[in-house]
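Report on one structure; see the data block that follows.
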Amino acid sequence: MSGSIYRISGGSALHGVAPISGGKNNALPSMAAALLTHDPVVLSNVPDIADVRVLASILQAVGVDVQFDAEAHELTLHAAGEVGDSPPRELVTQLRGSFLVVGPLLARVGRAVCAPPGGDEIGRRPVDVHLRGFAKLGAKVAREDGCFVLDVDRLAGAHVVLDYPSVIGTENLMLASVLAEGRTMIVNAAMEPEVVCLGAMLNEMGGRVAGHGTHTVMIDGVERLGGAAHTLIPDRIEAGTFAVAAAISGGDVQLEGAEPRHMDAVLSKLREIGIETEEGEGTVRIRGGGALRAADVQAVPYPGLATDLQALMTTLLTQATGESVVHERVFENRLGYVDELCKLGARIAVSGSTATVAGPTALHGARVEGRDIRSAASLALAALAAEGTTELHDAGHLQRGYERFHEKLADLGAEIAVLTRAASGG
Ligand code: EPU
């Protein structure tokens with residue numbers, strides 16, 4: 001799938017309404033939660049993206065009945081019968097979020113045999129935070145034939161201090177401990193809105209989760225959970241992406257369905273750079289076109305500026321006057337897109353996890369390659385600001401995380417065409 005090629009001609013200011021889909025990184029843990037109950041779980045506002053479809057296939061492979069009405073964005077998951085303990089390796093290795101089935105499998109069947117998860121190549125991305133947490137909850141953890149093998153009779157609540165506030169690490173431990181015996185405290189937990197939404201969903205299913213949204217999450221295990229009808233939160237990274245698209249093209253775009261409360265850091269940084277923002281209930285208006293000023297950026301855990309928006313902000317800063325310094329603090333290898341951006345004319349020097357951007361630069365069309373979801377998005381947006389035509393290769397990464405990416409851009413007036421579409425998802 002990553003073989004897709006997009007052709008983008010720059011120069012059009014984007015205008016209109018960008019509908020924001022439900023959150024990818026909220027969909028994945030919410031889907032995994034369906035393994036915790038024999039009752040149906042109905043998720044609304046589910047984005048039709050490859051990562052959701054692959055996780056749905058994984059759930060199906062372990063015995064969950066899956067119905068996806070993609071048009072209505074409604075996903076029904078029902079794990080009524082026996083559930084298997086071994087998600088298929090060829091699917092698990094397609095996305096990082098696949099590892100989220102391990103916590104629920106331990107809670108439900110006391111065993112999980114899972115390959116190391118795949119996903120974007122943006123750093124080492126170990127799963128030690130997850131494994132050490134599961135061990136604290138009483139699981140035996142071993143490595144066999146390249147898979148993690150975890151076993152437990154029944155998980156027991158524990159005091160778990162995370163070395164790092166890992167997002168899906170926190171989610172996995174919440175999913176496991178909600179059916180454990182006794183109380184679990186997760187200290188140094190992630191505070192991302194997706195974690196908060198998962199806590200609310202687990203409580204809707206009959207769980208007893210408190211403190212989600214702070215660095216200490218407390219879970220009192222229950223004997224059983226029921227189903228849920230749960231609506232996913234808007235994708236704050238997709239919203240940030242379209243905000244940068246509006247800004248870099250000098251346009252005026254309404255992000256419809258966005259949640260401004262989850263976008264504090266990015267909106268404040270955009271204002272500092274010289275972009276006008278107007279926040280409403282479930283909507284944000286982004287207006288570019290004025291002079292852009294250099295700014296320094298730190299990509300850090302929530303509520304700071306998201307690492308998933310780091311490449312996009314760097315791309316925007318190529319158009320700002322002065323020197324901007326961007327520090328990536330979450331992943332050790334998330335500046336790999338810079339070489340591609342430089343092919344479009346950007347002047348960026350990288351030292352370790354810091355990028356220094358000299359601006360403004362007149363970007364020009366070129367042949368570039370996407371490395372992962374967010375780098376592909378950044379290159380597409382750079383192409384909007386470039387003179388001439390850009391061929392974005394490996395654009396299929398976008399389909400993993402953005403629903404109808406090129407259609408939404410085209411609806412706003414971008415000149416974007418899909419030259420080849422590769423066959424399979426992932
Ligand atoms: N880390 C460890 N050990 C672990 C887990 C993480 O050392 O066991 C390290 C990582 O190597 C990294 C840092 O901790 O340096 C942060 O990783 P985190 O675990 O928080 O990331 P994640 O939970 O695997 C989620 C999102 C990512 C997003 C990050 C950070 C999902 C499915 N993925 O990943 O999303 O970048 O949080 O916010 O929720 C994306 O959507 O493009 C994407 C990559």
Side-chain angles (χ1 to χ4, degrees), residues 22-46 52 55 59 64 73-80 83 97 99-108 130 133-134 136-137 154-160 162 165-236 259 261-262 282 302-303:
K24 165 174 89 77
N25 292 343
N26 184 206
L28 305 177
S30 308
M31 291 168 69
L35 286 166
L36 295 168
T37 171
H38 291 77
D39 298 335
V41 165
V42 183
L43 299 175
S44 306
N45 201 26
V46 178
V52 161
L55 184 57
L59 292 173
V64 181
H73 297 104
E74 192 173 282
L75 180 63
T76 306
L77 303 159
H78 196 182
V83 165
F99 210 64
L100 284 163
V101 300
V102 172
L105 287 178
L106 273 180
R108 173 134 175 182
H130 306 235
F134 293 139
K136 270 276 191 182
L137 297 173
R154 184 175 174 199
L155 293 166
H159 187 86
V160 185
L162 307 188
S166 161
V167 179
I168 66 168
T170 302
E171 292 167 348
N172 229 342
L173 293 170
M174 288 165 70
L175 288 160
S177 57
V178 69
L179 287 175
E181 197 174 343
R183 173 172 291 185
T184 297
M185 298 283 278
I186 307 175
V187 177
N188 197 23
M191 295 170 55
E192 269 67 3
E194 292 73 18
V195 173
V196 177
C197 196
L198 176 65
M201 176 179 171
L202 292 174
N203 286 341
E204 199 187 315
M205 294 167 74
R208 293 177 60 200
V209 181
H212 39 305
T214 75
H215 276 313
T216 306
V217 180
M218 189 172 78
I219 302 124
D220 282 313
V222 295
E223 287 298 321
R224 63 173 300 279
L225 292 175
H230 193 73
T231 301
L232 301 183
I233 53 174
D235 196 314
R236 64 198 166 92
E259 175 48 87
R261 275 170 296 207
H262 298 162
Y302 192 83

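Numbering of residues begins at 1 and proceeds along the displayed sequence. Because only heavy atoms are used, hydrogens play no part in the values below, and waters and symmetry mates are left out as well, while side chains stay in.
Considering only heavy atoms from C-beta on, Thr76 stays 4.5 Å or farther from Val41 through its side chain. Looking at heavy atoms from C-beta onward, Leu43 lies in side-chain contact with Met31 at the 4.5 angstrom threshold. Side chains of Leu137 and Leu106 form no contact here, defined as non-hydrogen atoms less than 4.5 Å apart. Within the 4.5 Å cutoff, side-chain heavy atoms of Val101 are placed close to those of Leu59. The closest side-chain heavy-atom distance from His78 to Val64 is not below 4.5 Å. Under the 4.5 Å side-chain criterion, counting only non-hydrogen atoms from C-beta, Ile186 is not in contact with His215. A heavy-atom distance below 4.5 Å is not found between the side chains of Met191 and Val195. Here the side chains of Leu202 and Leu36 are in contact, with some heavy-atom distance below 4.5 Å.
With rounding to the nearest 0.5 Å, the separation of CG in Leu100 from CG in Leu28 is 6.5 Å. Atom CG of residue Leu162 and atom CG of residue Leu173 lie 6.0 Å apart, to the nearest 0.5 angstrom. Note that the NE2 atom of His159 and the OG1 atom of Thr184 stand 11.0 Å from one another [nearest 0.5 Å]. Distance check, rounded to the nearest 0.5 Å: CG of Leu225 to CG of Leu175 gives 10.0 Å.
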Show the numbers, then the answer: is there a side chain to side chain contact (heavy atoms under 4.5 Å, CB included) between Leu179 and Arg108? CA-CA 8 Å; Leu179 287 175; Arg108 173 134 175 182; 5.7 Å; no
CA sep, side-chain torsions, deciding dist, call: His212, Asn203, side chain to side chain contact (heavy atoms under 4.5 Å, CB included): CA-CA 11 Å; His212 39 305; Asn203 286 341; 3.7 Å; yes
Checking Leu198 against Val196 for the side chain to side chain contact (heavy atoms under 4.5 Å, CB included) test, could you report, in this order, the C-alpha distance in whole Å, the side-chain angles of both residues, the deciding distance, and whether it holds? CA-CA 5 Å; Leu198 176 65; Val196 177; over 6 Å; no
In sequence, state the C-alpha distance, the side-chain angles, and the governing distance for Met185 and Thr216, and then conclude on side chain to side chain contact (heavy atoms under 4.5 Å, CB included). CA-CA 7 Å; Met185 298 283 278; Thr216 306; 3.8 Å; yes
Test Arg183 against Asp220 for salt bridge (charged side-chain N to carboxylate O under 4.0 Å, His left out), laying out the working first. CA-CA 4 Å; Arg183 173 172 291 185; Asp220 282 313; 2.9 Å; yes
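The 12-atom threshold is not exceeded at CD of Glu181, counting heavy atoms of other residues, nucleotides or ligands nearer than 6.0 Å. Summarising the local packing, CZ of Arg154 is surrounded by more than 12 heavy atoms from other residues, nucleotides or ligands at distances under 6.0 Å.
A donor-acceptor contact under 3.5 angstrom links the side chains of His130 and Asn172, judged on distance only.
Closest non-hydrogen pair, Ser30 versus Leu232, comes out as OG-CD2, 3.6 Å. Contact between Thr231 and Cys197 at its shortest, heavy atoms only, is O-SG, 4.3 Å. The two atoms that bring Ile219 and Ser177 nearest to each other are CD1-OG, 3.3 Å, heavy atoms only. Ala107 and Ala176 get closest at one heavy-atom pair: CB-O, 3.7 Å. Here the shortest heavy-atom pairing between Met201 and Ala33 reads CE-CB, 3.8 Å. Shown here for Thr170 and Ala190, the closest heavy-atom pair between the two residues is OG1-N, 3.0 Å.
Formation of a donor-acceptor pair under 3.5 Å by the Glu192 side chain with backbone atoms of Tyr302 is found in this model. The closest donor-acceptor contact from the side chain of Thr214 to the backbone of Gly211 lies under 3.5 Å.
A salt bridge (charged side-chain N to carboxylate O under 4.0 Å, His left out) check over residues 193-202, counting only residues at least two apart or in different chains, returns the pairs Glu194-Arg236.
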